[in-house]
Amino acid sequence: MRKPIVAGNWKMNQDSEAAEALARGVVEAVGGVEAVDVVICPPFTALERVAGVVEGSSVGLGAQTMHWESEGAFTGEVAAGMLLTCGCDYVILGHSERRQHFGETDETVNRRLKAALPAGLAPIVCVGETLEQRQSGVTEDVVRTQVTGGFDGISGDDASKVVLAYEPVWAIGTGETATPEQTEAVHAFIREVLGQLYSDEIGQAVRIQYGGSVKPDNADELFGQANIDGGLIGGASLKADSFAAIVRAAL
Ligand code: 13P
């Protein structure tokens, strides 16, 4: 049985004070939930403060990206070890906004993955097609390339520790959710790809979240699909009550 995982990606929102307040709200609402892994991912600047809030609760802490080197002349970047000392358990890698605006590629996602895993961070690797790619019928090719490139050289043991997030780019922040059937089909396809890269067992073991305009009123139906193991939530994770309602939908 795969344990559902619901993560809030706060993106570039919440200064330290607002982040602390939001984290308190999340801990109050779902800090005792054990049947779902609950994770919040504030901006770097708020990580340490939020770590103090989630400590002792079942809520995990994640960062939104990291660099693959452990230190050095990489102005503006943050290394895995630094995230660990801020109290992080998770790190999001290859979010479509990082790919689109900051030049991340499958190759650099792969490098980050190879640094996050040995450091002991649980990676959440994002994949997903653009609207143009969906309309031209290449969704499966795109997702296969992203998964294959992202996991290049990763052992089966390590692969099973990775959480994947399928986030169709056209559904992110648009209010347009992929239908449960569309989503389920891609999730099942990702398991097939993992099955080919590793084994059926690993394909079945890896948790795959859906992300893209998940809200309290559509979460139930999405999470009810056999191959959807929770969600990566943007906008609706910025309010404790809506995030908590989504977490409960995964119970
Ligand atoms: P929205 O939930 O705001 O569509 O964002 C999804 C997302 O990008 C999560 O990483």
Side-chain angles (χ1 to χ4, degrees), residues 4-14 18-19 22 26 30 36-44 46-47 50 59-66 88-102 104 109 112-113 116 121-131 133-134 139 142-143 146-147 150 162-180 182-183 186-187 190 207-223 225 228-250:
I5 173 166
V6 175
N9 174 9
W10 294 1
K11 307 190 178 182
M12 197 173 72
N13 296 293
Q14 313 297 89
L22 177 54
V26 171
V30 290
V36 175
D37 285 335
V38 180
V39 183
I40 51 180
C41 305
F44 290 139
L47 283 174
V50 169
V59 177
L61 183 66
Q64 299 174 14
T65 184
M66 54 165 262
C88 285
D89 317 291
Y90 293 84
V91 62
I92 299 172
L93 299 178
H95 190 279
S96 65
E97 287 149 16
R98 303 286 322 162
R99 293 176 189 257
Q100 189 181 345
H101 305 299
F102 303 100
E104 289 196 19
V109 169
R112 289 175 165 85
L113 190 53
L121 286 166
I124 299 177
V125 173
C126 304
V127 298
E129 80 288 0
T130 62
L131 181 59
Q133 289 166 333
R134 174 159 285 264
T139 296
V142 169
V143 170
Q146 290 172 333
V147 173
V162 176
V163 175
L164 273 162
Y166 168 58
E167 298 205 311
V169 179
W170 49 273
I172 294 177
T174 57
E176 191 159 341
T177 323
T179 65
Q182 279 174 323
T183 309
V186 179
H187 282 232
I190 293 172
R207 296 185 291 177
I208 310 177
Q209 302 174 303
Y210 167 76
S213 299
V214 179
K215 303 280 180 284
D217 62 2
N218 61 20
D220 252 338
E221 208 185 356
L222 286 160
F223 299 167
Q225 304 298 311
I228 302 182
D229 308 312
L232 184 56
I233 320 301
S237 72
L238 297 175
K239 292 235 156 53
D241 56 350
S242 56
F243 184 63
I246 294 170
V247 168
R248 284 187 211 104

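Start at 1 and go down the list; that is how both ligands and their atoms are numbered. Everything quoted here is computed from the prediction, not taken from an experiment.
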Checklist entry - Does the Q64 side chain pair with the main chain of K11, one donor and one acceptor, at a distance under 3.5 Å? => result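 Yes.
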Next on the checklist: Can a donor-acceptor pair be found, under 3.5 Å and without considering hydrogens, that links the side chain of R99 to the backbone of C126?
Outcome noted: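 Checked: pair present.
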Below 3.5 Å, N or O to N or O, backbone or side chain included: is there any such pair between [X] and ligand 1?
X	answer
G235	yes
T174	no
K215	no
L232	no

Checklist outcome for this item: Closest non-hydrogen atoms of Q209 and G231, given as atom of the first, atom of the second and distance, are NE2-O, 3.0 Å
Next on the checklist: Please find the pair of heavy atoms, one from A240 and one from V26, that lie closest to each other, and give the distance.
Outcome noted: CB-N, 3.8 Å
Checking a contact table here: which protein heavy atom is nearest [atom], and how many Å away?
atom	value
atom 5 (O) of ligand 1	K11 NZ, 3.3 Å
atom 2 (O) of ligand 1	G234 N, 2.9 Å
atom 7 (C) of ligand 1	E167 OE2, 3.2 Å

Checklist entry - Near A171, which atoms of ligand 1 are under 4.0 Å from a heavy atom of that residue? => result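 Those qualifying, in numeric order: 4 (O).
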Next on the checklist: List ligand 1 atoms under 4.0 Å from G212, heavy atoms only on the residue side.
Outcome noted: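 Answer for ligand 1: 4 (O), 6 (C).
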Checklist entry - What residues, two or more places apart in sequence or in another chain, satisfy side chain to side chain donor-acceptor pair (under 3.5 Å) together with T177? => result N218
Next on the checklist: For Q133, give me all partners under side chain to side chain donor-acceptor pair (under 3.5 Å), at least two apart in sequence or on another chain.
Outcome noted: T130
Checklist entry - Applying a strict 4.0 Å limit to heavy atoms, is A165 in contact with ligand 1? => result no
Next on the checklist: Looking at ligand 1, is there an atom of it that comes within less than 4.0 Å of some heavy atom belonging to G173?
Outcome noted: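 Judged by the 4.0 Å heavy-atom criterion, G173 does count as contacting ligand 1.
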Checklist entry - Once the angle between the rings of H187 and Y210 is folded into 0 to 90°, is it parallel (under 30°), tilted (30 to 60°) or perpendicular (over 60°)? => result tilted
Next on the checklist: If you apply the rule side-chain contact (heavy atoms from CB on, under 4.5 Å), what do you find for R207 with D37, and how did you get there?
Outcome noted: CA-CA 11 Å; R207 296 185 291 177; D37 285 335; 2.8 Å; yes
